[in-house]
Protein chains: 2
Amino acid sequence: MSATQIDAVTLDGAGPLYDQIRRAIRDLILAGTWPPGTSVPPEHALMEKLGASRMTVHRALAQLAREGLILRRRRSGTVVASPPASHAMLDILSIPEEVGELGQAYSYRILQRRDGKASREVAARFELGRSVNVTHLTLLHFADGAPHVLEDRVIHPTAMPQVADESFAQTPPGDWLLQNSLWTQAEHAISAIAAEPDEAELLKIEAGSPCLLVERRTWNQSEPITAVRLLYPGGRHRFVGRFGPYGAV
Amino acid sequence: MSATQIDAVTLDGAGPLYDQIRRAIRDLILAGTWPPGTSVPPEHALMEKLGASRMTVHRALAQLAREGLILRRRRSGTVVASPPASHAMLDILSIPEEVGELGQAYSYRILQRRDGKASREVAARFELGRSVNVTHLTLLHFADGAPHVLEDRVIHPTAMPQVADESFAQTPPGDWLLQNSLWTQAEHAISAIAAEPDEAELLKIEAGSPCLLVERRTWNQSEPITAVRLLYPGGRHRFVGRFGPYGAV
DNA sequence: TCTTTTTATTTGCATATGCAAATGGAGCTT
DNA sequence: AAGCTCCATTTGCATATGCAAATAAAAAGA
């Protein structure tokens with residue numbers, strides 16, 4: 001544990017002490033100051049630095065562990081956890097995984113890529129300003145060689161400057177973003193629409209047949225990262241979630 | 001606090017003491033032994049009954065409070081909370097509410113009701129055994145007088161014997177069930193399908209146009225309560241959810 | 001060098017103690 | 001009856017203490 005790391009923990013004086021400690025550490029994690037894998041100072045170190053008792057520090061850390069932000073092991077200490085990959089319902093965050101879980105072989109093809117100012121059409125589709133620079137991608141994902149889902153995505157280079165040097169030849173952009181970006185907010189919308197002729201042709205279905213449209217936008221602290229439209233042929237897909245009234249089970 | 005109430009709390013000896021206490025009380029709540037509004041014994045009473053220190057009892061109760069199962073107030077004590085009405089994504093649990101939030105006037109009409117053994121068709125649609133007794137209902141919900149969603153539902157009288165005496169003239173079955181049943185498990189599935197001619201006519205849309213199909217089944221401790229199919233005209237509806245990687249925000 | 005044993009570090013759990021904050025209800029005053 | 005003050009109850013927070021369990025790393029042994 002370096003000095004800089006423990007010095008990053010500062011309290012704001014608002015509310016119970018254990019909660020100040022909890023929030024201080026949580027914020028360091030969410031802001032990316034302590035990326036996944038970073039080791040968190042041991043209880044006695046925080047105790048001295050913050051002038052709190054060990055029980056109080058323990059209470060803060062135990063709660064963060066319950067929330068899944070940190071992992072704790074006796075003797076080895078505490079480390080920042082990796083964000084959970086899936087999240088109850090609708091977390092088809094990774095299409096390769098999704099296809100793999102169906103027991104099918106995954107592949108994908110980039111249909112188009114364009115870097116620069118969004119075209120009028122793309123800007124409208126993703127609710128962007130006309131002068132915003134984005135990377136716009138269109139991809140088709142296959143399961144056992146058959147079209148699985150059509151992906152239409154914009155990535156904001158402001159949040160992800162590395163995107164310019166990435167060809168997405170090895171990893172589809174969704175998975176690349178999962179690995180390389182930190183997000184704190186996401187919004188999902190699901191609707192049913194009829195396939196347009198060009199979309200239908202790519203997905204090898206009849207024009208006008210029902211499709212499930214999943215639109216997802218993600219942010220990091222209100223800075224947009226990416227927005228994606230995933231079009232699934234209707235008959236072949238359903239999204240299932242199971243939970244109890246007090247949270248996912 | 002009656003004697004029977006505190007005597008219901010029994011530990012199983014497995015794992016940490018605070019967690020045994022937590023689970024014991026949680027189970028009483030989930031099983032319906034302590035329905036919402038029941039007052040939970042004060043810390044000192046549990047402390048004596050269980051032979052634990054107050055801090056340990058407090059730890060169990062504080063965690064249940066964070067999980068939302070109980071409400072605690074100084075001096076007035078602890079009571080069992082009502083289950084949260086909505087739950088992130090997809091919790092269109094109440095259609096009247098859903099319509100109300102759109103600022104539209106709600107109404108509904110029962111198209112059909114049948115009590116008794118499920119017909120072959122209904123049994124197949126809801127994956128029931130042929131000899132199962134159910135109440136089968138078909139309803140149409142309206143928003144500002146226009147068809148909003150088509151509901152097709154079965155209710156298991158085994159779990160809900162009161163259903164026989166309920167006409168659903170005042171309250172649609174979904175809301176009635178929310179008020180009168182306790183559920184511990186739910187499963188949602190969303191898919192996109194083309195409207196069948198009879199469905200299309202009721203919803204006043206074209207046959208074959210895309211619809212969002214939400215199927216939900218609920219159980220109480222593995223005993224089925226109800227299963228419902230909600231058919232939403234595609235263009236007019238989308239389900240939106242917003243959350244962060246560490247849980248709903 | 002490889003294996004075993006020991007040691008030291010770190011977290012986990014439970015207790016006892018003390019005080020603070022909130023507040024329902026009793027009792028008092030007007 | 002209405003409002004006020006005071007008191008008792010209950011939860012909330014923080015500390016200090018002690019021991020237990022897990023285990024990484026060091027030391028000892030083969």
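Each chain gets a letter, A, B and so on, in the order the sequences are listed, and its residues count up from 1.
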* Do the charged groups of A/Lys49 and A/Asp7 touch, with an N to O distance under 4.0 Å? -> yes
* **Ion pair check, B/Glu67 and B/Arg26, cut-off under 4.0 Å** => no
* Rounded to the nearest 0.5 Å, how far does CG of B/Leu182 lie from CD1 of B/Ile225? -> 7.0 Å
* Salt-bridge contact A/Arg72-A/Glu43 (side-chain N to carboxylate O under 4.0 Å) -> yes
* Asked: Is a donor on one side and an acceptor on the other found under 3.5 Å between the side chain of A/Asn180 and the backbone of A/Trp176?
  -> yes
* Structure fact -> Per nearest nucleotide of DNA chain D, the residue lying toward the 5' end, A/Arg73 or A/Ser53, is A/Ser53
* Spatial distance of atom OG1 (B/Thr184) from atom CD1 (B/Ile29) [nearest 0.5 Å] -> 13.5 Å
* To do: Using only heavy-atom distances, decide whether a donor-acceptor pair under 3.5 angstrom links the side-chain of A/Arg74 to the base of C/dT10.
  => no
* Could you state the atom-to-atom distance from NE2 of A/His44 to P of C/dT11 in whole Å? => 7 Å
* Contacting residues from residues 10-24 of chain B, given that a heavy atom lies under 4.0 angstrom of DNA chain C -> B/Pro16, B/Leu17, B/Tyr18
* Quantified as the angle between the terminal helix axes (five pairs each), what is the overall bend of the helix from C/dT1-D/dA30 to C/dT30-D/dA1 to 10 degrees? -> 0°
* To do: Give a yes/no answer on whether the side chain of A/Ser76 brings an N or O atom under 4.0 Å of OP1 or OP2 in C/dT9.
  => no
* Does a side-chain N-to-carboxylate-O contact under 4.0 Å join A/Glu48 and A/Arg54? -> no
* To do: Mind checking the CD1-OG spacing from B/Ile190 to A/Ser191? Nearest 0.5 Å is all I need.
  => 10.5 Å
* Asked: Between B/Thr78 and D/dT11, does any side-chain N or O lie under 4.0 Å from OP1 or OP2?
  -> yes
* What is the distance from atom CG of B/Leu69 to atom OG of B/Ser82, rounded to the nearest 0.5 Å? -> 11.0 Å
* Asked: Between B/Leu71 (CG) and C/dT23 (P), how many Å, whole number?
  -> 14 Å
* Between A/Arg216 and A/Glu187, is any pair of side-chain heavy atoms under 4.5 Å apart? -> no
* Structure fact -> Contacts of A/Met47 and B/Glu43 projected onto DNA chain D by closest heavy atom; the upstream (5') one is B/Glu43
* Asked: So do A/Val99 and A/Phe142 actually touch side chain to side chain, heavy atoms under 4.5 Å?
  -> no
* Asked: Quick one: is A/Arg72 getting a side-chain N or O under 4.0 Å of the C/dG12 phosphate, OP1 or OP2?
  -> yes
* Asked: For residues 54-67 of chain B, which residues have at least one heavy atom under 4.0 Å from DNA chain D?
  -> B/Arg54, B/Met55, B/His58
* Is the phosphate of C/dA21, meaning OP1 or OP2, less than 4.0 Å from a side-chain N or O of B/Arg75? -> no
